[in-house]
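Please read the structure below before turning to the comments.
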Amino acid sequence: TPIQNDLTEYYSLV
Amino acid sequence: MLEARLSQTLLLKKVVDALKEIIAQGTLDCSDNGLELQSMDNSHVSLVALSLASDCFEKFHCDRNVSLGLDLKSLGKVLKCANSDDAVTIKAVDRPEKITLSFESDGKERTADYELKLLNLDQDHMEIPKKDYTCYIQLPSSEFARICRDMSMFDESLTIACSSKGIRFSAKGDLGTANIQLNAGTAMDVSIEVQEPVTQSFAGRYLNTFTKATPLADRVKLYLSEERPLLVEYPIEDYGHIRYYLAPKVNE
């Protein structure tokens, strides 16, 4: 089953 | 200080309805240009970004940038006290501890003021790179809401496959399978632009939450690229938008 990725994998905090 | 007046509370009600199920609290950044809010949900799977330009307002005055930490459930409660066609004025002083919402009925026969305590929230602002997406779809927002609702009966996971042939939504669960194919056309007014085909899976419950913004816009825009979060955008007339970003599910 696919796992849910985290948005912070794609975008960085500023 | 901030003073912003909308001729109808309805817009604010719709905006708060579109936000409050995905985030409990958020910081509204007010500047001369208008209002902005960006916040991730608690699980860091999705992000919502609101932008409302100052010309959306009948009157807008913000001489110094001010950040308002809002509890959206509380704001929703205050807005329930107003009729949709009441005018609303939002006021906050510099370094505010509270905001004032004043509602006026047509003809000012009835006026009501509410003060709402503000929260001191940690602000995590995400940098979202401005890259082009390889698939861009526009469809009626009610149709998108219907697809998300129907698909979620079948599985928690919804797969979106976009190619030059059209866009296909599918779900597979204990009940069976569901497939909905939309092709570009004028009857339903679906437009599909594809540079490279994309297939990605997403959590249906988040998509369903995004559709709380349906009353804000007749049309919704979907942006997809392989290995990137989905962007679901609801324009707010010509004044701004609510954008939702959703991290895809990935196969291990």
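In what follows, chains are A, B, ... by sequence order, proteins preceding strands, each numbered from 1.
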Close side-chain approach of A/Y10 to B/P248, heavy-atom, < 4.5 Å:
yes
Separation between CG (A/N5) and CG (B/L246), nearest 0.5 Å, reads 10.5 Å
B/H44 NE2 to A/D6 CG distance, which is reported to the nearest 0.5 Å
7.0 Å
What do you reckon, is CD of B/E227 surrounded by more than 12 foreign heavy atoms closer than 6.0 Å?
no
Is there side-chain contact between A/Y11 and B/P229, with heavy atoms separated by less than 4.5 Å?
yes
Is the shortest heavy-atom distance from the side chain of A/L13 to the side chain of B/H125 under 4.5 Å?
no
Using only atom types and a distance under 3.5 Å, with no angle test, would you say the side chain of A/Q4 pairs donor to acceptor with the backbone of B/V250?
no
More than 12 heavy atoms from other groups under 6.0 Å of CG on B/D94:
yes
Flag yes if more than 12 heavy atoms outside B/K212 fall under 6.0 Å of its NZ atom; otherwise flag no.
no
Does B/E226 CD have over 12 foreign heavy atoms under 6.0 Å away?
yes
Interface moiety of B/M126 toward chain A, non-hydrogen atoms closer than 4.5 Å:
both
